Amino acid sequence: MSSSRTGKELLYPSIAASLLVALYQQWQVDRARKRYGIKPPRTTGNERFEMIYRTHQNTLEALALFIPCAIMSKEYINPKISAAIGFVFALSRFLYGYAYSQNSILVSYASILSTACSASLLFGIFYGAASKLVKH
């Protein structure tokens, strides 16, 4: 089995887990729209709805950095490490959504954790790319 195939087998499920969190949050937004009478394209009008909506939007914003970093990381970082970071990212975004909806101080920690996951992948990519350049 090639290392790139092993990387896909380990890494892609962690990306899918993050997408599943975003899908769950989208479902929460849809439910909140009905519950609080917020018809699209409105995104304001009820504080509780706005919290749920922002949680989902913040996760989508975080995914915009995480997904490319996760995909590129398989070329430069051990795939098991990349996958583990990916699952931690997914968990942190789920915890972020829960904490945000509860007005919990934990929202900051979950946000920092998910940012650290993306940053560690990004730094790993730069380090790995630089190492390959130096070797050649």
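Fair warning: this is a prediction, and the values are worked out from it, not measured in the lab. By convention here, the first residue in the shown sequence is residue 1. These values consider heavy atoms only, across backbone and side chains, with no hydrogens, waters or symmetry-generated copies.
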Side chains of R54 and Q57 only: does a donor on one sit below 3.5 Å from an acceptor on the other?
no
Taking all atoms of both residues into account, what is the closest heavy-atom pair of [X] and [Y], and its distance?
X: I85; Y: S120; value: CD1-OG, 3.6 Å
X: A70; Y: S73; value: O-OG, 2.7 Å
X: A62; Y: S118; value: O-OG, 4.4 Å
X: G97; Y: T55; value: CA-CG2, 3.2 Å
X: G124; Y: Y76; value: O-CB, 3.9 Å
X: L60; Y: A22; value: CD2-CB, 4.3 Å

Which of these passes side-chain contact (heavy atoms from CB on, under 4.5 Å) with Y36: E50, R48, E47?
R48
Going through the checks in order, is the side chain to side chain contact (heavy atoms under 4.5 Å, CB included) test met by L113 and V88?
CA-CA 8 Å; L113 182 58; V88 170; 4.0 Å; yes
List the steps, then state whether side chain to side chain contact (heavy atoms under 4.5 Å, CB included) holds for I38 with Y53.
CA-CA 11 Å; I38 308 294; Y53 179 79; over 6 Å; no
How long is the span from the [atom1] atom in [X] to the [atom2] atom in [Y], to the nearest 0.5 Å?
X: S108; Y: Y96; atom1: OG; atom2: OH; value: 8.5 Å
X: I52; Y: Y100; atom1: CD1; atom2: OH; value: 11.0 Å
X: E75; Y: S82; atom1: CD; atom2: OG; value: 10.0 Å

Hydrophobic cluster identity match, [X] and [Y], side-chain contacts under 4.5 Å:
X: F87; Y: L121; answer: no
X: Y12; Y: I77; answer: yes
X: V21; Y: W27; answer: yes

Is a salt bridge present between K74 and E9, judged by a nitrogen-to-oxygen distance below 4.0 Å?
no
If the test is side-chain hydrogen bond (donor to acceptor under 3.5 Å, both in side chains), which one of Q26, R31, Q25 qualifies with Q28?
R31
Is it the case that more than 12 heavy atoms not belonging to F123 sit under 6.0 Å from its CZ atom?
no
Got more than 12 heavy atoms from elsewhere within 6.0 Å of CG, L133?
yes
Trace of the side chain to side chain contact (heavy atoms under 4.5 Å, CB included) decision for S14 with L11
CA-CA 5 Å; S14 72; L11 184 59; 3.6 Å; yes
Verdict with reasoning, I15 to F89, per side chain to side chain contact (heavy atoms under 4.5 Å, CB included):
CA-CA 9 Å; I15 295 171; F89 177 87; over 6 Å; no
Do the ring planes of Y24 and F94 sit parallel (below 30°), tilted (30 to 60°) or perpendicular (above 60°)?
tilted
Would you mind reporting whether [Y] and [X] have side-chain heavy atoms less than 4.5 Å apart?
X: L19; Y: I67; answer: yes
X: N58; Y: R93; answer: yes
X: S18; Y: F66; answer: yes

